[in-house]
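Letters A, B, ... mirror the listed sequences (proteins, then strands); counts begin at 1.
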There are 2 protein chains.
Amino acid sequence: MIKQNILVAVDDVIFTIINDKLEVLLVKRWVEPFKWQWAIPGGFVLDNESLDEAAYRELKEETNISDVYLEQLYTFGDPNRDPRGHVVAVSYLALTPREKVSLKAGSDAQEAKFFPINKLPKLAFDHKDIIKLALERLRGKLTYSNIAKFLLPEKFTLTQLQKVYEIILERELDTRNFRKKIEKLWIIEPTWEKEVGVNHRPALLYKFKHDKLVYLHEFL
Amino acid sequence: MIKQNILVAVDDVIFTIINDKLEVLLVKRWVEPFKWQWAIPGGFVLDNESLDEAAYRELKEETNISDVYLEQLYTFGDPNRDPRGHVVAVSYLALTPREKVSLKAGSDAQEAKFFPINKLPKLAFDHKDIIKLALERLRGKLTYSNIAKFLLPEKFTLTQLQKVYEIILERELDTRNFRKKIEKLWIIEPTWEKEVGVNHRPALLYKFKHDKLVYLHEFL
DNA sequence: CTAATAGTGTCTCTGAGACACTATCTA
DNA sequence: TAGATAGTGTCTCAGAGACACTATTAG
């Protein structure tokens, strides 16, 4: 076998929606390089784990998570992207509803925080590019898959669903047209339960029909 | 720095159109594992080259190529995909027009051959999955980008262009509707030259307006 | 009954797809 | 002039988007 001087890492772009904003999880680095700068969570792949497993492990090291969607994004392999040497980084997009994620109180007191995607601090490595790519992927899939599912609680109102689309696409949508379209796509169904504890007409709660990611043209 | 027992390789799915069929380049392996089986071209990344460079280098080792489109596809990292050990493979999609590719007479007499994608032999590793993925990517991009450019010569007729779409999508298209659509997309322009040497009405030759890949919604 | 949000239908315009004939060139 | 392929227009139908009012609940 040949000898190679390259390391393999994974990096996770973890998105969630908090207070009507799309936010991404960043951790403050406490080792060189880029010490004290913010970065997306990540780390080296273990010898006998798959890339998906590594991405999931890194995610759990930063957050207590009960449910998450993970998808490989792109692999960055420029020999100069890490000053320590040649590190190939396999990036992942992770989505989770706000309710199902909480940050770990790190034993090493590592700081981790969600930042709105339009108020990011200076980032280590090429992590700014990675987040940009993740956002583009998410925007793209929003229109031809049920990916919004992974940012919402099990049961949700149509208004909540529409809001997810508006936040990510960064434009307002017409309520009537939005509902017509969603209905035809046939990806959600009513639970016949109603919202409780609101001081106005309560909305019907819906849920997604499919647990995993599905592409919409399979339905049409 | 940590110590890792993982190697990084690149694999190229090289598509071209030959005799109205989409074909992929395969090489016969002459070393273990999978000795004497067909595989897509690939190899280990060098310490100081980027992944794109490695993909391009592997491609040139098999073919004399004057022009090629290269795009990263997906990274496969299951620890068991290679019996020799943990090899992370970054796969690439490569497209080239038939005229611009010729196979090298390998000094080590390595056999390399184009196979129609629906008549593939048994393949080494997970290369069947990689080719499947490459084909899906190509099909997808066909409808929302000018990717067909990279399978055609500089100047081409509308019939040739339509044929590329029909071959890859595996269905016949209506000539009038196809032309209306292409015209509106505004991605090709007539050269005002005509086809020569045909025994029927010669067609106008067109060329793509853009040299690199462009996505269509940027135009609408 | 007021405040607040849920929920719904119609019209217009544009794009997709079905479909058949005339034009131009070579031999 | 025969053979072969290039090149073109219309109609219908479906989906997208603009747009405003009524329904239901809590307090």
What is the separation between atom CD1 on B:Ile188 and atom P on D:dG7, rounded to the nearest whole Å? 11 Å
Rounded to the Å, how far apart are A:Leu173 CG and D:dC19 P? 15 Å
Would you mind reading off the distance between A:Tyr144 atom OH and D:dG15 atom C1', rounded to a whole angstrom? 20 Å
Rounded to the Å, how far apart are A:Leu185 CG and D:dA16 C1'? 13 Å
Checking D:dA23, D:dT5, D:dA18 against the side chain of A:Asn177 (C-beta onward), the nearest is D:dA18
Are any of B:Lys184's side-chain N or O atoms less than 4.0 Å away from OP1 or OP2 of C:dG15? yes
Could you give the CG-to-P distance, from A:Leu216 to D:dG15, as a whole number of Å? 14 Å
When rounded to whole Å, the CD to C1' distance for the pair A:Glu183 and C:dG7 reads 12 Å
Both A:His200 and A:Arg176 contact DNA chain D. Which one's nearest nucleotide lies toward the 5' end? A:Arg176
Sugar-phosphate, base or nothing in reach of B:Thr157, heavy atoms under 4.0 Å: nothing
Let me spell it out: for each of B:Asp174 and B:Lys181, pick the nucleotide of DNA chain C with the closest heavy atom. Which residue's pick is nearer the 5' end? B:Lys181
Tell me whether A:Glu61 is salt-bridged to A:Arg57, with the criterion being a basic N under 4.0 Å from an acidic carboxylate O. yes
Charged N to carboxylate O below 4.0 Å: is that the case for B:Arg139 and B:Glu170? yes
Check ion pair A:Glu71-A:Arg137 (N to O, under 4.0 angstrom): yes
Check: B:Phe178 ring centre within less than 6.0 Å of B:Tyr165 ring centre: yes
Pairwise 5' ranking along DNA chain C for A:Asn199 and A:Thr175, keeping only the more 5' one: A:Asn199
Could you check, using the six-membered ring where one of them is a Trp, whether A:Tyr92 and A:Tyr56 have ring centers closer than 6.0 angstrom? no
Whole-Å distance, B:Gln162 CD to D:dT5 P, equals 14 Å
What's the closest nucleotide to the A:Arg201 side chain, out of D:dT24, C:dC25, C:dT8? D:dT24
Give a yes/no answer on whether the side chain of B:Lys180 brings an N or O atom under 4.0 Å of OP1 or OP2 in C:dG15. no
To the nearest angstrom, the NZ-P distance between B:Lys194 and D:dT5 comes to 18 Å
